[in-house]
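Notes to accompany the following structure.
When a ligand or atom number is given, it counts from 1 through the structure's own listing order.
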Amino acid sequence: MHHIRLDSDTDFDGWRKAARGLVLADVVPADVTWTVAGDEPELFDGPGLAPGAGAFAEAQASFTDSASTQSASTQSTFSHSPSSQPASLSDDTPSPSPTQTFNVPARFVELAKTAILHRDPQRFAYLYQLLWRLRTNPELMQVATDPDVARLQAMAKAIRRDEHKMHAFVRFREIGREPKSRYVAWFEPEHHIVELAAPFFARRFADMEWSILTPDICAHWDGHAVAFTPGVAKSMAPSDDRLEETWRTYYASIFNPARLKTKAMQAEMPKKYWRNLPEAALIKPLIEEAERKTSAMVAAEATAPKKPQRQEQPMTKTTKHGAETLAHLREEAKDCRACDLWKPATQTVFGEGPQHATVMLVGEQPGDKEDLAGKPFVGPAGQMLDRALAEAGIDRAKTYVTNAVKHFKFVPRGKIRLHQKPNTPEIKACRQWYERELATIKPQLVVAMGATAAQSVLGKITPINKNRGHLLNQADGTQVLVTVHPSYLLRLPDEDAKALEYKRFVDDLKIVAAHLNKAHAA
Ligand code: URA
């Protein structure tokens with residue numbers, strides 16, 4: 001039996017060195033146990049098993065991985081370097097021949113780097129099991145149904161999800177007063193993702209000094225580099241401050257009872273994260289208030305004669321196949337890396353609305369508020385849009401609302417994030433999502449709000465003023481209405497011009513309303 005002790009829970013290099021030595025020495029997976037320094041039972045604490053020096057780490061497993069130096073390579077060479085110190089793997093194990101090498105697909109290395117962050121104590125063994133099989137069956141990574149591959153893919157997916165949750169749910173509290181303030185957050189990740197997630201916070205909050213405290217490990221940013229220190233108890237974290245109120249006010253302002261879907265909301269913001277979110281205290285009362293308002297509305301509507309209408313279904317309750325498709329698209333888009341905008345953004349902001357909406361509204365890209373909330377058009381431009389839609393007689397809840405670009409593009413200016421217009425390569429990189437939303441929802445009418453939306457929807461740069469005010473027929477049978485973006489109205493400095501442009505915007509939307517009424521009557 002070979003007992004390997006790794007330096008830490010995220011010691012990928014240690015695992016790789018040890019695994020190479022084991023494979024080259026023909027050690028079957030069943031003959032290996034893996035532990036992390038500090039976690040192992042007393043039994044393994046004998047001489048020769050000091051941290052970082054398990055039987056194979058100790059064996060100076062100085063094998064080289066050529067993948068890291070060959071960016072185009074799809075193979076990693078797990079080779080034994082003869083120039084290294086003697087590879088006396090263990091007394092009862094044959095040393096690998098100096099010329100022995102084996103290749104593994106680079107995809108495996110990528111998968112292993114992610115899956116090793118999972119909290120399952122068996123992860124090192126699962127990885128070694130797959131590595132062992134890849135040696136003789138290098139095509140295995142292509143077999144998604146293989147139980148070893150599928151298990152590790154699922155673990156890697158859990159890591160990406162956990163990373164996404166950390167990006168979205170870390171809430172900093174301000175300690176001290178400016179200019180000496182520091183921001184500290186407490187977070188409890190499900191897996192060992194702090195080192196993976198930390199660069200995001202360094203990019204996003206580059207101008208602040210911050211610490212993220214967790215039970216496993218803490219990350220600190222001083223404006224230049226991220227440093228890590230051991231984990232701490234929750235009692236070390238600050239509990240309250242003036243930023244709490246900001247979060248609560250913001251959350252209450254974006255909470256829209258008309259769009260309340262408790263299950264979907266809890267899927268996005270699982271209860272286990274609530275205890276560390278300042279706004280969590282609001283969730284229950286806001287839901288109760290929304291339910292109360294909805295019941296009152298339903299009761300009131302029951303007394304009025306109503307024209308039968310086409311049943312609009314919420315996303316989670318439509319035909320099983322269709323609903324899964326839109327949900328699947330949203331899930332896939334969470335990991336979109338088609339351009340670099342995902343890097344500083346909090347999350348992908350996907351479209352929202354009924355699966356079979358007749359009308360699809362397309363904006364430019366999420367703004368600051370949308371980026372934090374993960375929902376389109378919930379900030380000032382969204383409020384302007386809601387007002388104009390209501391005035392035109394359109395129920396937003398019956399439309400599908402999305403953006404041409406699904407990540408927030410900005411430049412940090414102090415604590416503010418200044419909106420930046422997406423460029424053509426970014427619009428093109430993101431168009432796949434618009435196309436897939438379009439193919440899934442099949443709306444009759446698409447409203448392109450602003451130049452970016454018009455460029456994405458019509459596939460070319462399209463002047464707004466020349467094309468607004470009438471429906472443009474498309475080859476696929478949809479019709480497109482081009483109009484201004486609601487934030488254009490917000491930016492107009494002159495009140496008279498603002499009122500005039502707002503009216504023109506509402507007039508454009510009335511064309512949509514007329515179309516909807518016709519469609520419902522038909
Ligand atoms: N502007 C947009 O184009 N989309 C949003 O979601 C918010 C602001």
Ligand 1 N/O to protein N/O, distances under 3.5 Å:
residue, atom, partner, partner atom, Å
ligand 1, 1 (N), Gln365, O, 3.3
ligand 1, 1 (N), His485, NE2, 3.3
ligand 1, 3 (O), Glu364, N, 2.7
ligand 1, 3 (O), Gln365, N, 3.2
ligand 1, 3 (O), Gln365, O, 3.2
ligand 1, 3 (O), Asn403, OD1, 3.1
ligand 1, 3 (O), His485, NE2, 2.6
ligand 1, 4 (N), Gln365, O, 2.9
ligand 1, 4 (N), Asn403, OD1, 2.7
ligand 1, 4 (N), Asn403, ND2, 3.4
ligand 1, 6 (O), Phe377, N, 2.8
ligand 1, 6 (O), Asn403, ND2, 3.0

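Between Glu332 and Arg436, at least one side-chain N (NZ, or NE/NH1/NH2) sits under 4.0 Å from a carboxylate O, which counts as a salt bridge. Under the 4.0 Å criterion applied to side-chain N and carboxylate O atoms, Arg119 and Asp162 are not assigned as salt-bridge partners. Look at Lys334 and Glu331 and you find a salt bridge, because one of the NZ, NE, NH1 or NH2 atoms lies within 4.0 Å of a carboxylate O, short of that distance.
Between the side chains of Thr462 and Lys466, not a single donor N or O lies within less than 3.5 Å of an accepting N or O. Under the 3.5 Å distance criterion, with hydrogens and angles disregarded, a donor-acceptor pair is assigned to the side chains of Thr478 and Asp476.
Listed by chain and number, the residues in a side-chain contact (heavy atoms from CB on, under 4.5 Å) with Glu501 are Arg468, Tyr488, Leu489, Leu492, Arg504 (sequence neighbours excluded).
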